[in-house]
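For reference, the structure discussed in these notes is given below.
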Amino acid sequence: MSASLPSALQTLANYRIHNTRASHEVVEKGKVLLNSNGTSRLGDDAWAFLEQLALAAIDVANYEIADECLRRLATKFPESPRVDVLSGIRMEATQPPEVALKFYNELLQTDSSNAAIYKRRISVLLRMGKIERAVTELSEYLDTFYSDVEGWVELAELYSSCNQYTSATQALSHALLLAPQNPFYVLQFAETAYTADDVPLAMKMFMLALDIMDRNVSEESIPTGVSVRAWYGVKLCCRALTERTCSSASDTPLPQNLDLLDELSTERVLTAYSVVGKDFDSSRELVLSWMGPSDRTGGRPRFIH
Amino acid sequence: MMVNYTVGQQAYLKTFFHAAKHPHLQVNGVLLGKKVSGTVEIIDAVPLLHHWTSLSPMMEIGLDLAGRHAESLELQLVGYYQACERLDDTALAPVGEKIASKVKEGFSDAVAFVIDGEKIGSPDNAALIPYLAQSPSSSWRPYTDAGAVTPFSPGSSFSLSSPDSPAHAVSLVRDQQLHRKFGDFDDHLEDVTIDWLGNKAAMPSDVHQ
């Protein structure tokens, strides 16, 4: 047990830093600590750990563990807004949504600055299927708590789920103002713009995402992760721009050198597949056939290095 | 005359694993199969997204690649499946209607399944709600057999080729965690070595179609 304790603590700490939702694992590792009174070894981290374990336990419906964590937290931090949020989440798990909403409303009357409680209320509304009301409340929340980037991203996703893609890009543009160097938000903007049928804007944003991601990377490297997705996006836009007339609601101009971009994106995606071994030849073949000819004459694609 | 649909074990397991791997997210994918003497045999499933499921670019690419993969297996795209974010939501999402209609353009008997979040996981319930449309441009509606027979129960036009598929799926997830080895197109875009088209590593050795 003592050999694996440091590594368990490390894993749990990592999950906290990255906000990972690996609830089964957290409960497996965490309950050992809880029962053996290992929390005393954590010092100040003990409270963050208990919060993490409570959330994970609720996620997998292990209410015994959740309640034990909550009890310890409430004892240590009476009348804490953060513990209030946790109590609310616990309530949401087993009580009807109206009960949780009432609890949150009462808390907000006492303290209207607890941003987390507004967001819990919006979560409950979403769970009840009241999308429109959730969108209204989230918009109002963001009027006050403007710098909540995740709030803007969530609003964009809600709009997208209701086919309101232009409103989604507007919400994302606020997120980008607040976090201009985050390639994920730029990528989400690009994909939303494409879905809204503004292909020139999508193209511009795919290229911007690549620019942000590739800043520290040499040109000859193999694209991985989010870059692959972005290059696929560029290729898709090139295809759309050459196959049909695309208008741009945002008046974004068409990119120059479209055929060069087409060749480049083809080459970048195919290079990403160069890491796959012989087992994946069919997967690479499939992508190759999807790529099609990448120059005007319909000849074989040329890969420029 | 009403066409019959059978869902093969491999298709069922993959749909189940996709939903099981992301229990708090919307997931979707397409179904592969062929029509044989008036019956649509759904043989395989190709998982698409679990992230930004309302956005279309990666969906379009994934759909295109899945279609080519189907051809290579001498099958066609015959349907679409999705699992909703909320347990009690059984509606076909707008994006689902779009994809299903696209599939229907190429296969007139296309079907869309929404996973029943409240029933999935019980060993004797297929937990798949079928949606059909009259034409690619008309709306999709939940299908009910004549005489109000529940889909996938005896006498329904929908059946599982192996009645124990749900029980098998539950035990594979619970006892072997096979769903953790399952990858979709979203996963593949982050790591191109992930076999989203075949998912052989996640299939038990005794799976039959």
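Each chain gets a letter, A, B and so on, in the order the sequences are listed, and its residues count up from 1. Just so it is clear, the values below take in all heavy atoms, side chains as well, and ignore hydrogens, waters and symmetry mates.
Comparing B/E85, B/H69, B/M58 by heavy-atom pairs within less than 4.5 Å of chain A, the highest count is held by B/M58. When each of A/A202, A/G129, A/A196 is checked for heavy-atom pairs under 4.5 Å with chain B, A/G129 comes out on top. If you tally non-hydrogen atom pairs under 4.5 Å between each of A/S289, A/G233, A/A272 and chain B, the highest count goes to A/S289.
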Problem set entry | Worked check of side chain to side chain contact (heavy atoms under 4.5 Å, CB included) between A/R284 and B/V192 | CA-CA 9 Å; A/R284 192 171 184 281; B/V192 299; over 6 Å; no

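Within 6.0 Å of OH on A/Y63 lie more than 12 heavy atoms contributed by other residues, nucleotides or ligands. More than 12 heavy atoms of other residues, nucleotides or ligands sit less than 6.0 Å from atom NE2 of B/H24. Shown here is B/K98, whose NZ atom has more than 12 heavy atoms of other residues, nucleotides or ligands within 6.0 Å. More than 12 heavy-atom neighbours from other residues, nucleotides or ligands sit within 6.0 angstrom of CD on B/Q177. Within 6.0 Å of atom CZ in B/R141, 12 or fewer heavy atoms from other residues, nucleotides or ligands are found, so the atom counts as exposed in its surroundings. Within a 6.0 Å sphere centred on CD of A/E150, heavy atoms belonging to other residues, nucleotides or ligands number 12 at most. In B/K21, the NZ atom is crowded: over 12 heavy atoms of neighbouring residues, nucleotides or ligands sit closer than 6.0 Å. For A/N19, the CG atom is loosely surrounded, since the number of other residues' heavy atoms within 6.0 Å does not exceed 12.
Using a 4.5 Å cut-off between heavy atoms, B/L197 touches chain A through its side chain atoms alone. Both the backbone and the side chain of A/L187 come within contact range of chain B, with heavy atoms under 4.5 Å apart. With a 4.5 Å cut-off on non-hydrogen atoms, A/S227 does not touch chain B at all. Residue B/R68 touches chain A through both its backbone and its side chain, counting heavy-atom pairs closer than 4.5 Å.
Contact record, A/F184 with B/W52: O-CH2, 3.7 Å, taken as the closest heavy-atom pair. Nearest heavy atom pair, residue B/L65 against residue A/V287, reads CD2-CA, 4.1 Å. Between B/L189 and A/V228 the shortest heavy-atom distance is O-CB, 3.7 Å. Closest non-hydrogen pair, B/P57 versus A/T195, comes out as CD-OG1, 3.7 Å.
Using modelled atom types, one side-chain atom of A/Y165 and one backbone atom of B/S54 make a donor-acceptor pair closer than 3.5 Å.
The side chain to side chain contact (heavy atoms under 4.5 Å, CB included) check on A/A168 picks up A/A156, A/Y159, A/S160, A/T192, with sequence neighbours excluded. B/E97 pairs by the side-chain hydrogen bond (donor to acceptor under 3.5 Å, both in side chains) definition with nothing, not counting sequence neighbours.
By the 30° and 60° cut-offs, the orientation of the rings of A/Y273 relative to B/H188 is tilted.
Taking CD of A/Q188 as the start and NE2 of B/H51 as the end, the distance is 6.5 Å to the nearest 0.5 Å. In this structure, CG on B/D89 lies 13.5 Å from CZ on A/R127, to the nearest 0.5 angstrom.
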